[in-house]
J.: 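Dumping the structure here so I can ask a few things about it.
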Amino acid sequence: MRAIGKGSLASLLAVGLHFTRIILWIVVCALGIALVISPFAPMIADAFRDSDNIDIETGGGAFIAVAYPFVTAVVMLFVVNRLLEILKTLRFGSPFVKENADRFRAVGYALLLGEGAKFAFGFLSLVTRTDVDIDSNMIAWLAIIAVFVLAEVFHEGARMKEEQDLTV
Amino acid sequence: MGISVKLDRVLLDRGMSLTELSERVGVTIANLSILKTGKAKAIRFSTLEAICKELDCQPGDILFFDED
């Protein structure tokens, strides 16, 4: 399989990431709206009190139940956007640029923020006794370390590329 | 501070243009400009050899070390 150009792995990845970005935008918008109306959950619950089929979480739990996936979706959207920018430089044939090292570093920090948010929301769900499915695993932490290593590799690669370009 | 390139001075002494040198040594004008303007990070021995051969000079006539 070709590295760049039509039918390459990079172009397939770009298509997949563009599709993921559209879905993530929809999810972020939907969760954003839910986040705004979540403080009014008790009032909504009162309105549907007579209905047996609707079970609405009230109190701080509703906010946490929406805020956690919202933060996760925003982090994912940020990462997808950075990966698309990196793939764009690959399409132009110069992936070893300083900007890509910065992008990988930003992805690392975003993933770190995502994992940190997991712990924060986990703690809040314990305090508010909300049933939010939060689990942290070693693979995620290893992936974060791998991204930071990749950022350093790209930083050094960009320096070497610049040196090569300026060698007469 | 560091190494500076005085290619323009040697070219002036020899009455040769950058384009002419480029054709003679087989290095692009863009690369010679990088060298002439001091933007180059490194110079290959083969390039230096070709330039010295065409300009009939020593590497020391082109490259200088500035302490300040």
J.: I need the A:L87 CG to A:T89 OG1 distance, nearest 0.5 Å.
T.: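 Going from the CG atom of A:L87 to the OG1 atom of A:T89 covers 7.5 Å.
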J.: Any side chain to side chain donor-acceptor pair (under 3.5 Å) involving residues 103-118 of chain A? Give me the pairs, sequence neighbours left out, ordered by first then second residue.
T.: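 Output for this query lists A:E85-A:R103, A:N100-A:R103, A:R105-A:E152, A:E115-A:K118, A:E115-A:S136.
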J.: Quick one: pull up CG in A:L77 and CD1 in A:I23 and give me the separation to the nearest 0.5 Å.
T.: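 It comes to 12.0 Å.
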J.: Output the residues of residues 39-46 of chain B for which the shortest heavy-atom distance to chain A is under 4.5 Å, in residue-number order; output 'none' if no such residue exists.
T.: B:K39, B:A40, B:K41, B:A42, B:I43, B:R44
J.: Is there a side-chain contact between B:I51 and B:L35 in this structure, where contact means two heavy atoms from C-beta onward sitting under 4.5 Å apart?
T.: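 Yes. Closest side-chain heavy atoms under 4.5 Å.
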J.: Sub-4.5 Å heavy-atom contacts with chain A: which residues of residues 10-34 of chain B show up?
T.: B:V27, B:N31, B:I34
J.: With a 4.5 Å limit on heavy-atom distance, are the side chains of A:W141 and A:L111 in contact?
T.: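 Sidechains of A:L111 and A:W141: no contact.
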J.: For residues 155-166 of chain A, give me every residue with a non-hydrogen atom less than 4.5 Å from any non-hydrogen atom of chain B.
T.: A:E162, A:E163, A:D165, A:L166
J.: What is the distance from atom CG of A:L17 to atom CG of A:L24, rounded to the nearest 0.5 Å?
T.: 10.0 Å
J.: Is atom CD1 of A:I139 surrounded by more than 12 heavy atoms (other residues, nucleotides or ligands) closer than 6.0 Å?
T.: no
J.: Does any non-hydrogen side-chain atom of A:V168 lie less than 4.5 Å from one of B:L48?
T.: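 Sidechains of A:V168 and B:L48: no contact.
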J.: Evaluate the side-chain proximity of A:I22 to A:W25: yes if any heavy-atom separation is below 4.5 Å, no if none is.
T.: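 Side-chain contact under 4.5 Å: no.
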J.: If you draw the axis of the six-membered ring of A:F19, does the NZ or CZ of A:R21 fall within 45° of it and under 6.0 Å from the ring centre?
T.: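 No, A:R21 does not lie over the aromatic ring of A:F19.
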J.: Less than 4.5 Å apart, any side-chain heavy atom of A:V71 and any of A:F121?
T.: yes
J.: Considering only heavy atoms from C-beta outward, does the side chain of A:F104 approach that of A:I86 to under 4.5 Å?
T.: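 Yes, at least one pair of side-chain atoms sits under 4.5 Å.
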J.: Kindly indicate whether the side chain of B:V5, heavy atoms from C-beta on, has any atom under 4.5 Å from the side chain of B:K36.
T.: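 No, too far: nothing below the 4.5 Å cut-off.
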